[in-house]
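Here is the structure we will look at, set down as structure tokens.
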Protein chains: 2
Amino acid sequence: MTKPLNDNTAEPSKPRRRSKTRIAHEEKILNSAEFIFASYGYTGATVEKIAKHTGISKQNLLYYFSSKDKLYRAVLENILNIWLDKLNLLNQEGDSPAEKLKHYIRDKLKISQTHPNGSKVFANEIINGAPHIGDYLSNNLNKKLQADVDLVKQWIADGKIDVIDPYHLFFMIWASTQTYADFSTQIQLVLNKDKLTEQDFDKAGDFLCQVILKGIGLKI
Amino acid sequence: MTKPLNDNTAEPSKPRRRSKTRIAHEEKILNSAEFIFASYGYTGATVEKIAKHTGISKQNLLYYFSSKDKLYRAVLENILNIWLDKLNLLNQEGDSPAEKLKHYIRDKLKISQTHPNGSKVFANEIINGAPHIGDYLSNNLNKKLQADVDLVKQWIADGKIDVIDPYHLFFMIWASTQTYADFSTQIQLVLNKDKLTEQDFDKAGDFLCQVILKGIGLKI
DNA sequence: ACATTACCTGACCAAATGGTCAATTTCATT
DNA sequence: AATGAAATTGACCATTTGGTCAGGTAATGT
């Protein structure tokens with residue numbers, strides 16, 4: 001886990017202990033918020049919409065999250081932690097570069113599959129210039145990524161893969177895995193489907209592993 | 001050119017001929033709008049902000065584009081036409097699959113470089129479920145893409161490239177080229193740069209061509 | 001049973017925002 | 001110079017929206 005994006009701790013007016021109802025409600029609110037923020041963007045999403053989707057009143061929502069901004073940050077924090085926790089290529093199962101990369105790609109793809117809305121919120125935030133989480137990202141992304149880049153450089157030095165730019169490799173993997181969440185509308189339109197199925201994601205995973213691994217000079 | 005997204009023609013109250021000032025102002029407004037929409041999303045962008053960025057008053061802007069929605073559609077139409085016009089793999093220069101693909105990839109990347117804001121607006125729109133241009137996209141995307149998909153299938157049948165899913169190949173190319181526009185914030189952060197340079201894009205192009213071509217079984 | 005705390009709602013407000021409209025100024029054409 | 005159209009602006013408005021607050025209800029621990 002990475003360090004928190006906002007300090008929920010220092011909430012003077014909030015109850016001391018997190019009760020059962022509070023935990024349950026916060027969970028439901030966060031899910032709704034993820035969906036609404038993903039569908040309308042930060043400004044387009046209204047507290048009212050999120051509350052309605054959760055099944056509670058606006059004021060009640062504001063009782064749990066004292067402002068739209070705080071709620072938004074909480075949503076972002078959720079997805080960012082998931083995203084950054086899976087950032088480690090190093091810690092992936094397997095010994096060979098091929099195995100590690102395959103796991104990495106499939107892990108990233110899995111996030112697109114299981115957290116499409118969170119991914120969209122994150123994408124929106126980045127596209128808009130990361131106005132809310134710029135600092136947080138600066139502090140955490142590079143640090144974690146460096147180890148992975150070094151690993152890839154080592155693979156290159158050892159002649160295990162072709163000479164390529166590690167950074168662009170990661171950009172490519174991130175983009176081509178996240179696209180199945182962020183651009184699902186477009187993909188569904190092309191594939192003529194209402195929803196991407198388990199098989200679609202498997203197929204995408206197979207494709208990406210095949211092409212990327214072979215593309216950087218690995219046997220499969 | 002693809003058919004228009006909205007009919008600017010049927011504007012009863014608008015002047016008959018497009019005067020010099022009108023053309024110039026519309027151009028400047030569209031540019032500003034692209035930037036503001038890219039930075040704030042549809043709802044977050046305000047007519048006031050766009051007007052200020054253009055250097056005119058809000059009411060004056062509304063004289064040229066009678067509503068925020070119309071302006072937004074005009075921006076989208078611009079970028080979509082650019083995007084869809086470059087969609088043809090078939091019409092790319094060169095005879096060999098390798099040559100055609102290389103041009104295709106570099107063309108797409110060029111759009112990211114020259115129209116980053118348009119790309120971002122488009123991305124935002126798709127991420128949010130394409131609420132404004134869903135129909136337009138349904139009508140134009142698949143039709144144009146089909147020819148490209150058929151071509152790739154032919155390459156596979158002829159044994160020129162590996163057996164892969166053509167659709168996922170395009171998803172990958174689109175994602176990994178557009179990411180240099182849409183996620184430029186993140187990329188700049190990782191590369192520790194204020195702005196992506198010509199060299200960065202060249203490097204990205206080289207990388208993508210190398211990995212994708214080799215990845216689908218083409219010699220380079 | 002009682003008090004304290006958590007939870008929830010109705011009424012309300014100030015600011016922001018998309019858009020209108022009448023009036024005025026600028027411009028091009030004759 | 002006159003004239004009609006184009007361009008621009010000031011004043012204004014209705015709606016939306018994030019957020020407040022006082023007061024009421026349900027839980028919970030003692």
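Letters go in sequence order (proteins before strands), and every chain restarts at 1.
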Spacing of Phe65(B) atom CZ relative to dA7(D) atom P, expressed in whole Å: 13 Å
Atom-to-atom span, CD1 of Ile56(B) to P of dA6(D) - whole angstrom: 17 Å
Nearest-angstrom distance from the residue atom CG of Asn60(A) to C1' of dG19(D): 15 Å
Euclidean distance, atom CG of residue Leu61(B) to atom P of dA7(D) [Å, nearest integer]: 14 Å
Phosphate OP1/OP2 of dT9(C): any Ser57(A) side-chain N/O under 4.0 Å: yes
Which nucleotide in dA7(D), dC8(C), dT8(D) has an atom nearest any side-chain atom of His25(B): dT8(D)
Arg22(A) CZ to dC8(C) P, straight-line distance once rounded to whole Å: 10 Å
Heavy-atom donor-acceptor pair, Thr54(B) side chain to Ile50(B) backbone, under 3.5 Å: yes
Pair Asp206(A)-Arg106(A), salt bridge (Lys or Arg N to Asp or Glu O under 4.0 Å): steps then yes or no: CA-CA 9 Å; Asp206(A) 292 344; Arg106(A) 288 191 201 278; 3.2 Å; yes
Ring centers of His115(B), Phe122(B) separated by less than 6.0 Å: no
Tyr63(B) vs dT9(D): side-chain N/O to OP1/OP2 distance below 4.0 Å: no
Within 45° cone and under 6.0 Å: Arg73(A) NZ/CZ vs Phe65(A) ring: no
Closest contact, heavy atoms only, Lys144(A) versus Leu84(A): NZ-O, 3.0 Å
Under 4.0 Å protein heavy-atom contact, by nucleotide of nucleotides 12-27 of chain C - B base, S sugar-phosphate only: -----SBBB-------
Check: Thr114(B)/Lys110(B) side-chain N/O donor and acceptor closer than 3.5 Å: no
